[in-house]
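This structure is in structure tokens; I'll ask about it shortly.
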Amino acid sequence: MRVCTYNTYDTANASDGEPVKIVKIYLKYPMNYTNCWKINPCIKRWRENKPYLRMLKHCFGTEAKSRAETKKKWRSVVGLEIHAQIQSNSKLFSGSSTMYGSPINSNVSFFDCATPGTLPVLNKRCVEAGILTALALSCKVNEVSLFDRKHYFYADLPAGYQITQQRQALAIDGELNFQVYTPGIHPRPYSKVSKIKQLQLEQDSGKSLHDLIAKRSLVDLNRAGIPLMELVFEPDLSDGEEAAALVKEIVLILKRLGTCSCKMEEGALRVDANISVNRPGEKLGTRTEVKNIGSIRSVAAAVKFEIDRQITEIENGGTIINETRSWDTEIRKTVPMRDKEEKQDYRFMPEPNLPPLHVHVTKEIKNKYGLVDVPLLQESLPELPEETRYNLKNNFGLDSTAAIILTNENNLLNIFEAVVKEDSKRKPKLVSNILINQLLTVVNRKALELDTCILNAQHIGELVDMLQNKTINLTTAENVLEEYITESSMTPKQIVEKNNWTQITDEHQLTQICKNILLQRADVVKKYKAGKTKVFRALVGAVAQETKNRADMATVVNILKKLLDE
Amino acid sequence: MNKILSRPIKQVSNKLNAGELKPSEICRAAVKLANASKPLNAYICVTGGSAELQAQESDARYAESQPLGTLDGIPIAIKDNFCTSGTATTCASLMLANFVPEYDATVYSRLKNVGAVLIGKTNLDQFAMGSGTIDSYFGPTKNLWKSTFMNNYFCHPSSESETSNKETSDVPDNWHIAGGSSGGSAIAVATGSCYAALGSDTGGSTRNPASYCGLVGLKPTYGLVSRHGLIPLVNSMDVPGIITRKIDDAVLVLNAIAGPDDFDSTMLKKEFTPIELPECPSVDGLRIGIPKQYKPPGLNVEVEKCLLDVSKHLEEGGAKIVPVSMPHTEHSIVCYSVLNQCEVASNMARYDGIEFGLRVDQNESTEQLYAETRCKGFNEVVRSRILTGNYFLLAENYENYFVRAMKVRRLIYEDFEKVWNSDIDLLLTPTTLTDAPRYREFISMDNQTQCSIQDVCTQPANMAGVPAVSFPVRLSSNGLPLSLQLMAPVLHEQQMLTTAKWIEQVLQFPEIVLKDSSLLM
């Protein structure tokens with residue numbers, strides 16, 4: 001049996017006899033990572049737009065508004081293709097490093113720049129990562145998969161072809177369950193399923209930079225040959241928010257698996273969307289493809305824009321042509337891509353330098369050739385987001401929204417689990433509320449990044465305990481958190497003590513305070529007794545103010561009612 | 001010294017070990033001869049300087065009685081489509097005329113590791129596309145046999161027609177071709193400027209020139225010898241080949257270069273056991289098949305006679321000659337043509353003038369740069385194969401050409417399997433249909449037509465991946481070498497070469513030896 005061999009180690013710059021070297025690529029002026037954002041709008045946007053990143057992280061989607069009335073007349077169909085760079089030390093077919101941000105053309109082996117006579121050698125780590133991902137997406141892993149050459153001429157594709165898997169992919173027929181939840185558009189979370197047609201391994205291309213004025217092009221091959229998994233989804237989605245939600249879920253999964261960094265700002269995860277519209281009952285419309293969308297927010301915006309554009313076009317008597325477009329983040333529009341007018345024939349053919357890739361799929365049979373072991377990888381799968389949400393709802397009694405938010409925020413989830421685990425008397429719902437409402441509110445108000453906040457689960461637990469035993473109330477809890485996050489030299493307990501924020505629960509003391517308020521606000525009491533019961537809130541507020549929010553408000557309400565009814 | 005250059009490697013090695021001779025002395029003689037034989041144009045580049053250094057290192061090892069093996073200090077040549085670090089590797093094309101690789105092909109690094117001395121890079125048809133070594137950017141390679149240069153040699157036992165050499169010089173283009181595409185390697189070995197040369201064999205490119213030059217041409221099993229560093233023609237058929245004067249010499253080189261290489265994923269994983277041939281080989285009890293389909297139109301009667309005579313010898317030696325049928329052979333060549341051009345179209349896509357090689361001065365657009373670079377850098381043969389191959393690979397044509405050709409390839413492979421399964425040990429066939437054609441006859445047909453004639457008997461072995469060896473039988477009535485070919489099941493080199501050695505000993509094909517008075521004095 002002739003089976004595919006692998007790079008023995010997934011170590012960058014391994015002593016593989018192919019020293020990594022700088023290729024002679026006629027760079028006319030030096031460029032480095034520190035100034036490349038000036039040229040690359042994708043990086044520029046990323047550098048300048050911090051709030052966008054925060055939003056992305058907090059998964060609150062866009063504020064885009066749906067046009068309900070148009071929607072009824074039209075149906076939109078969306079299918080995604082996701083390119084995810086596999087997290088590996090070396091490239092898919094060579095030993096050179098995959099380190100992002102390395103000096104231009106420094107991660108280039110002879111194979112990567114298509115030096116004649118060099119041959120591809122498959123990196124085992126990439127096969128494992130691909131299969132792990134496939135298993136997480138319930139795909140069927142093919143016992144034998146094949147590599148093909150896809151031909152097209154482009155300066156950043158040194159061989160004139162890309163090695164990909166066209167005839168028989170690594171895995172097929174998967175399924176992804178995810179939650180669509182966009183406050184403002186889909187205020188109530190709902191479940192969605194998208195089928196996965198296939199997961200294939202392929203090479204990334206290099207990068208070209210065109211200087212139109214000086215009429216010269218610069219090529220950086222650091223990215224050439226970086227391993228990619230391409231996930232091809234069936235057109236099962238109906239709008240931009242669903243598309244964005246799907247991408248969010250993929251990001252969660254890949255991060256948990258450690259198979260992709262999912263740093264979209266580095267291009268580690270790129271999305272292509274196929275979009276068409278049709279009237280209900282009619283056949284599917286002509287589709288367009290929006291290429292290389294670089295953020296989750298852009299996915300939602302680009303798909304929405306393209307759907308609206310197509311509808312407007314048709315309603316104005318125009319037609320949709322099958323074309324490739326790109327998403328311009330500056331003008332927030334999709335625009336047709338140049339140099340794609342001609343339909344490409346990729347002239348696929350089998351890659352003759354890579355024998356069929358065999359993997360071991362049957363647990364009962366001994367893996368005697370030392371192939372990549374699918375059952376073993378299956379056993380090593382971590383808990384997946386869908387499972388986490390299920391557990392949060394069923395084991396801890398959280399609602400769907402809370403489950404989604406916690407699952408989306410790994411930091412919060414870890415704290416939640418630690419706090420609940422530490423003391424079984426702690427109420428999971430209360431813990432989740434504090435994390436989602438109080439903590440996130442404070443983080444947003446202070447314009448902080450959740451990832452950079454130093455949060456100690458024991459301290460959060462302490463806070464929960466103080467709430468649960470009524471040492472403090474929710475409002476105080478928020479204040480404590482604010483102080484804790486901004487200058488966390490003290491524990492929540494110490495903060496409460498220092499500020500004398502303990503809750504007043506003593507009924508006698510509270511009755512005294514309430515009596516005083518009723519005396520001071522005799523006018524309000526008068527209105528209340530005249531039947532204007534709404535003003536009751538003003539009295540409650542007055543007590544809160546008087547006690548600097550320290551009063552146990554539930555008790556206060558009872559006392560006030562009792563006093564007023566006397 | 002002149003005689004030493006045509007001795008078997010083993011004998012030279014003995015002299016080196018005995019201290020009668022130093023590698024640097026042989027090396028200087030070989031380099032001198034390589035330069036002197038320039039009229040035949042065997043070399044694109046003679047690497048005298050680096051050869052001298054390698055030889056001196058070898059001197060030192062012998063002085064300390066620590067040679068690296070039988071090949072230590074032995075001059076070799078390598079076809080100019082194998083990458084050699086620091087030495088231009090041109091594929092006989094303008095496209096790569098300035099290409100200096102920074103890595104060694106595995107076969108070369110292994111030869112270096114056992115102390116072999118590289119004398120130079122040998123001529124070929126551009127990117128090995130051809131069967132005559134006439135389509136080289138650096139001019140054609142001429143056959144030694146019947147050339148005026150042959151006057152520097154004597155034949156042992158002498159061939160009757162030394163006078164007839166003169167006829168070649170009068171009529172223009174009347175010289176005999178060396179065969180190809182590894183014609184440079186063949187002539188390098190024939191002239192004695194090296195003891196062995198590497199060729200590449202995709203459809204017969206090693207065996208064809210060996211056949212026309214009276215040499216041994218070995219094409220090992222596909223996957224036995226690494227292709228890493230061999231600039232590809234057809235990846236699924238390319239095999240580094242070995243050209244020597246004697247079977248034993250080919251075995252020495254094979255033992256040095258064969259075996260798994262992590263850089264070539266298509267290699268057989270099995271550890272390679274070095275081949276050892278007995279001093280007195282035997283063919284007793286062997287079943288040798290003669291496929292009836294290997295008698296295509298145009299097969300010279302003298303070649304047929306060779307086949308009959310060698311069969312007779314083998315029978316006398318105790319082998320059984322069995323007529324066999326390989327019904328799909330006739331389709332092999334057209335199938336090969338399709339697959340060849342598809343892979344060529346793909347493999348040549350990287351020559352765009354961006355990363356290496358030729359780049360024309362053109363800044364109109366990237367597309368224009370590609371087009372002009374490729375138009376100028378490739379000859380017409382290469383360009384037409386690229387065009388045809390891309391046509392075959394178009395989505396609408398793929399099933400009709402590529403897929404069908406792959407199916408036919410499978411049938412040809414199965415023809416071989418059936419033969420081996422019917423207890424046939426080896427196959428005996430012609431290598432080429434005639435002796436070496438004259439240049440003016442050869443160019444009366446275009447490259448593609450010639451390839452389909454020249455490769456007809458050699459190319460099925462590439463389709464099936466089986467080993468094959470061409471060996472000289474006798475001189476034709478024209479005074480040119482005639483050869484035959486043995487083929488064996490995958491990895492059965494040992495048996496194949498043992499038989500070839502037996503035949504070699506029986507036939508005593510004339511050796512050509514540089515006259516003492518010639519050239520090097």
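Values reported hereafter were calculated over all heavy atoms of this structure, with side chains retained and with hydrogens, waters and symmetry mates removed. To find a chain, count down the sequence lines: A is the first, B the second, and so on, and within it residues start at 1.
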- Before giving the answer on side chain to side chain contact (heavy atoms under 4.5 Å, CB included), spell out for H151(A) and N390(B) the whole-Å C-alpha distance, their side-chain angles and the decisive distance to 0.1 Å. CA-CA 10 Å; H151(A) 299 88; N390(B) 275 319; 5.6 Å; no

- Query: Hey, which of G160(A), P120(A), P352(A) has the most heavy atom pairs under 4.5 Å with chain B?
  - Reply: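 Among G160(A), P120(A), P352(A), the one with the most close pairs to chain B is P352(A).
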
- Message: Less than 4.5 Å apart, side chain to side chain, heavy atoms only: is that true for S265(B) and P355(A)?
- Response: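 Yes, close enough: below the 4.5 Å cut-off.
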
- Examine distances only and state if a side-chain atom of S346(B) and a backbone atom of R149(A) form a donor-acceptor pair shorter than 3.5 Å.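 A pair under 3.5 Å: no.
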
- Message: Quick check: closest heavy atoms across Y103(B) and G117(A), and the distance to 0.1 Å?
- Response: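 The answer is OH-C, 3.1 Å.
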
- Query: Does a donor on one side chain sit under 3.5 Å from an acceptor on the other, for R350(B) and Y161(A)?
  - Reply: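 Yes, side-chain donor-acceptor contact under 3.5 Å.
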
- Query: Would you say R383(B) has more than 12 foreign heavy atoms packed within less than 6.0 Å of its CZ?
  - Reply: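 Yes, the 6.0 Å shell around CZ holds more than 12 heavy atoms from other groups.
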
- Would one find more than 12 heavy atoms of other residues, nucleotides or ligands at under 6.0 Å from atom CZ of F348(A)?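 Yes - once you tally the heavy atoms of other residues, nucleotides and ligands closer than 6.0 Å, there are more than 12.
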
- Query: Using non-hydrogen atoms only, which part of P350(A) is less than 4.5 Å away from chain B: side chain, backbone, both, or neither?
  - Reply: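 Both parts, backbone and side chain.
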
- Query: So do the side chains of P101(B) and F110(A) get within less than 4.5 Å of each other, counting heavy atoms only?
  - Reply: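 No, every pair of side-chain atoms sits at 4.5 Å or beyond.
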
- Is there a side-chain contact between T118(A) and F263(B), using heavy atoms and a 4.5 Å cut-off?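 SC-SC contact between T118(A) and F263(B) ruled out.
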
- Item | Backbone N/O of A155(A) and side chain of Y370(B): donor-acceptor pair under 3.5 Å |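 Looks like yes, one N/O pair under 3.5 Å.
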
- Item | Side chain, backbone, both or neither of Y351(B) within contact of chain A (heavy atoms, under 4.5 Å) |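 Only the side chain of Y351(B) comes within 4.5 Å of chain A.
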
- With a cut-off of 6.0 Å (strictly less than), are more than 12 heavy atoms of other residues, nucleotides or ligands near CZ of R287(A)?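 Atom CZ in R287(A) is not packed in, count stays at 12 or less.
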
- Message: For A105(B), which atoms come within 4.5 Å of any heavy atom of chain A: side chain, backbone, both, or neither?
- Response: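 Neither part, no heavy atoms under 4.5 Å.
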
- Task: Tell me, for D352(B) versus chain A, whether the close heavy atoms (under 4.5 Å) come from the side chain, the backbone, both or neither.
- Result: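 For D352(B), the contact with chain A is made by the side chain alone.
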
- Item | Region of L394(B) that comes under 4.5 Å of a non-hydrogen atom in chain A |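 Answer is both: backbone and side chain atoms of L394(B) are under 4.5 Å from chain A.
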
- Straight-line distance of M349(A) CE to Y398(B) OH, nearest 0.5 Å: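 Answer rounded to 0.5 Å: 8.0 Å.
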
- Closest heavy-atom pair and its distance - F356(B), P116(A):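 Distance-wise, the nearest heavy atoms are CZ-CD, 3.5 Å.
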
- Query: If we only count heavy atoms from C-beta on, is the E355(B) to T115(A) side-chain gap below 4.5 Å?
  - Reply: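 A side-chain contact is absent here, since even the closest heavy-atom pair is not under 4.5 Å.
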
- Message: Within the structure provided, determine whether N235(B) and E351(A) are in side-chain contact (heavy-atom separation under 4.5 Å).
- Response: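 Result no, sub-4.5 Å side-chain heavy-atom pair not found.
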
- Query: At what distance, to the nearest 0.5 angstrom, does CG of N353(A) lie from OG of S236(B)?
  - Reply: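 N353(A) CG to S236(B) OG: 9.0 Å, rounded to 0.5 Å.
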
- Query: Hey, is CZ on F153(A) packed in by over 12 heavy atoms from elsewhere, all under 6.0 Å?
  - Reply: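 Buried by this count: over 12 neighbours within 6.0 Å.
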
- Message: Distance check, rounded to the nearest 0.5 Å: L393(B) atom CG versus D345(A) atom CG?
- Response: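 Answer rounded to 0.5 Å: 8.5 Å.
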
- Task: Go through the atoms of F99(B) and report whether side chain, backbone, both or neither lie under 4.5 Å from a heavy atom of chain A.
- Result: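 The side chain, not the backbone.
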
- Assess whether atom OH of Y413(B) is packed by more than 12 heavy atoms of other residues, nucleotides or ligands within 6.0 Å.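 No - once you tally the heavy atoms of other residues, nucleotides and ligands closer than 6.0 Å, there are 12 at most.
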
- Identify which part of N347(B) has an atom lying under 4.5 Å from any heavy atom of chain A, answering side chain, backbone, both or neither.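 Both the backbone and the side chain of N347(B) come within 4.5 Å of chain A.
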
